[in-house]
Amino acid sequence: MIIKKFLGKTEEEAVAAAKKELGEGVVVMNVKEVKPRGLFTAFKPRQVEVTVAREDDRESLRQVKRETQPAPAQIPVSSMRQEPQPEKAPTVKDLQSASGESLRSQNIERKLDSLQSLLETQLKKDEELAEAGSGAKGEPERAEKAAETPEQPENPETDKFLRLLYNTMLENEVDEKYANQIMEDADKNKKPNIPFDYILANIYQKMVLKFGKSEGITPASKGPKMVFFLGPTGVGKTTTIAKVASSFTVEEKKRVALLTTDTYRIAAAEQLRTYANILEVPFRVIYTEEELQEALQNFKEYDYIFVDTAGHSHQNEEQLGKMKGFLDAVKDQAECQVFLVLSVTTKYRDLLRIAESYKEVADYELIFTKLDETATWGSIMNLKLQTDTTIAYVTSGQNVPSDIERFNPQKTVKQLLGGKK
Ligand SMILES: Nc1nc2c(ncn2[C@@H]2O[C@H](COP(=O)(O)OP(=O)(O)OP(=O)(O)O)[C@@H](O)[C@H]2O)c(=O)[nH]1
Ligand SMILES: [Mg+2]
């Protein structure tokens, strides 16, 4: 797929420029107003930037090929990457007519933006039906209706739309295995002439559901909650603790203490000590399990005790063992929560290995950092589906405390399907 940005005084002008360069088959992915830069900006006109996508010629070729073949019952997902058949060479005209008017005018991002209200309306309707006592009957009735519907010819535009979503997911590095599963699912529910909005809403809804919910850091029912942050070197554990500690002390007025078991680097302890000084909360460096138990006693009136740990390779079994020792030393004396901090910039295969190794240490939830450093968030979805672990927070910048938020599946799924970040 080719993705490119074009500027114009209006959206139409920018789209016309895109079509001139890339042909009629472009799909608008995003439209945004760009503020003028530099001196005397008040006198400069605003511009509109459109991001457009176009399947590359190989892809278009396959599409034309498929559309000229007798209509199959469904597009098998495995055929999305099928090599073109040699017998029929399409002309430029064929390629242009293959990208139909309705798809061309689709704006996936706008659709994704209005999706929320569409889903809410659907949900409300379902609830009303359930309340009226007809909820239970609804499904079979709908199924019967669908069964009565006579076979209609396939709509190639729908296939094209699905393919665009599929390619967007792959470009966002969603594992092919999961992208295929999602598409197979969508393919099963495909009906002739079904509007794109419904297809998109269906895929979106299913993907969001796969992520599940997280409560984030929750208060202990009794005594302080001990919260451990584990993970490889340099992923942002200490910075994340500073962000979380700041929001709990400043915004929620909770009593927070900070501990670090990172005694490998002097600078590491100093980094957290600095944050503790700024926030005016107590801080301790912990060398042994006994010291950790002692700190728990010292801060038993507190709401939260955040524990920073040394970053190390997941292959370092000795250090993983030491970490487990610390956790085991307090797990019967305090309510604990463990977070594995991972950077979304790490290669997916490595993320999997890291996630696997830390399973030996504790049951954990995930925090993904550095979302600002990459546009491809597929690993978040892959890891979730592969390990079935809750994702609690994401961070997207170095600013303390602002660059952290509770994980928002809707936002992530929108991005994976081609919406804005
Ligand atoms: N771009 C970006 N940088 C981040 C983010 N979170 C942390 N960082 C930066 O990543 C670097 C490492 O952060 P630390 O918090 O020291 O990481 P750590 O996991 O504690 O590192 P070790 O203690 O050495 O294992 C710092 O420069 C942080 O400012 C983020 O969300 N985005
Ligand atoms: Mg650190």
Side-chain angles (χ1 to χ4, degrees), residues 214 216-217 226-248 256-279 281 283-287 292 295 305-324 326-327 337-347 350-351 353-355 357-358 361-362 364-380 383 391-408 411-412 415 421:
S214 157
I217 296 170
M226 257 195 146
V227 190
F228 289 81
F229 294 78
L230 319 180
T233 47
V235 288
K237 296 179 293 299
T238 309
T239 314
T240 303
I241 291 179
K243 290 171 182 173
V244 173
S246 166
S247 113
F248 274 101
V256 170
L258 300 182
L259 312 181
T260 184
T261 63
D262 189 352
T263 50
Y264 297 91
R265 292 181 303 118
I266 297 169
E270 287 317 304
Q271 189 188 356
L272 195 64
R273 189 193 301 277
T274 308
Y275 286 122
N277 288 343
I278 296 168
L279 295 171
V281 300
F283 169 76
R284 295 259 200 298
V285 181
I286 304 293
Y287 288 88
L292 187 65
I305 302 174
F306 294 127
V307 188
D308 196 4
T309 62
H312 50 76
S313 158
H314 61 284
Q315 288 158 336
N316 187 334
E317 285 183 13
E318 189 193 328
Q319 292 215 27
L320 286 176
K322 194 163 178 204
M323 203 69 65
K324 190 164 162 43
F326 278 125
L327 276 158
Q337 227 174 325
V338 180
F339 291 96
L340 175 62
V341 185
L342 296 173
S343 165
V344 77
T345 59
T346 306
K347 281 193 292 209
D350 292 332
L351 286 175
R353 283 187 205 109
I354 295 164
S357 323
Y358 278 88
V361 180
Y364 55 76
E365 293 179 44
L366 290 172
I367 296 177
F368 273 104
T369 61
K370 309 198 181 183
L371 268 69
D372 55 310
E373 288 191 6
T374 172
T376 47
W377 297 358
S379 298
I380 302 179
L383 208 68
I391 304 169
Y393 296 94
V394 292
T395 78
S396 50
Q398 294 177 292
N399 295 323
V400 177
S402 54
D403 293 337
I404 185 164
E405 59 185 309
R406 288 271 297 282
F407 175 66
N408 179 332
K411 196 166 155 186
T412 308
Q415 202 267 343
K421 273 184 276 167

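In listed order, ligands and their atoms are each counted from 1.
Protein N/O/S atoms closer than 2.8 Å to the Mg ion (ligand 2), listed by chain and residue number, are T238 OG1.
Near T233, with a cut-off below 4.0 Å to any heavy atom, the atoms of ligand 1 are 25 (O). Here is the list of ligand 1 atoms found below 4.0 Å of a heavy atom in E373: 1 (N), 2 (C), 3 (N). Residue contact check: G311 has heavy atoms under 4.0 Å from atoms 25 (O) of ligand 1.
Panel note: side chain T369, backbone V235; a donor-acceptor pair is recorded below 3.5 Å. Between the Q319 side chain and the G311 main chain, no donor and acceptor come within less than 3.5 Å of each other. Looking only at distances, no side-chain donor or acceptor of R284 sits under 3.5 Å from a matching main-chain atom of L292. The closest donor-acceptor contact from the side chain of K243 to the backbone of D403 lies under 3.5 Å. Judged by distance alone, with hydrogens and angles left aside, the side-chain atoms of T376 form no donor-acceptor pair with the main-chain N or O of G378 at under 3.5 Å. In this structure, the side chain of Y364 engages the main chain of A355 through a donor-acceptor pair within 3.5 Å. Side-chain atoms of K237 come within 3.5 Å of backbone N or O of P232 as a donor-acceptor pair.
Protein heavy atom at the shortest distance from atom 5 (C) of ligand 1 is G397 O, 3.5 Å. The nearest heavy-atom contact from the protein to atom 20 (O) of ligand 1 is T238 OG1, 2.8 Å. Considering only non-hydrogen protein atoms, atom 24 (O) of ligand 1 sits nearest to R265 NH2, 2.8 Å. Nearest non-hydrogen protein atom to atom 31 (O) of ligand 1 is T395 OG1, 2.6 Å. The protein heavy-atom contact nearest to atom 21 (O) of ligand 1 is G234 N, 3.1 Å. What sits closest to atom 9 (C) of ligand 1 on the protein, heavy atoms only, is Q398 NE2, 3.7 Å. In terms of protein heavy-atom proximity, atom 14 (P) of ligand 1 is nearest to T239 OG1, 3.4 Å. Among protein heavy atoms, the minimum distance from atom 17 (O) of ligand 1 is reached at G236 N, 3.0 Å.
Y393 has its side chain out of reach of T240: every pair of non-hydrogen atoms, C-beta onward, lies at least 4.5 Å apart. A heavy-atom distance below 4.5 Å is not found between the side chains of V281 and F283.
Within the 4.0 Å heavy-atom cutoff, D403 does not count among the residues contacting ligand 1.
Annotation: A310 places no N or O atom under 3.5 Å from an N or O atom of ligand 1; distance criterion only. Residue D372 has at least one N or O atom closer than 3.5 Å to an N or O atom of ligand 1.
Heavy atoms of other residues, nucleotides or ligands lying less than 6.0 angstrom from CD of E373 number more than 12.
Contacts between S396 and ligand 1 below 4.0 angstrom, taking non-hydrogen atoms only, involve the backbone exclusively.
Across H312, K370, K237, Q271, heavy-atom proximity to atom 11 (C) of ligand 1 is greatest for K370.
In this structure, T238 OG1 and R273 CZ are separated by 13.5 Å, a value rounded to the nearest 0.5 Å. Here the OG1 atom belonging to T261 is positioned 7.5 Å from the NZ atom belonging to K322, to the nearest 0.5 angstrom.
Considering V361, V307, L259 as possible partners of F228, the one that fulfils the side chain to side chain contact (heavy atoms under 4.5 Å, CB included) test is V307.
In this structure, F229 and F306 have perpendicular ring planes: the angle between them is above 60°, well past the 30° mark.
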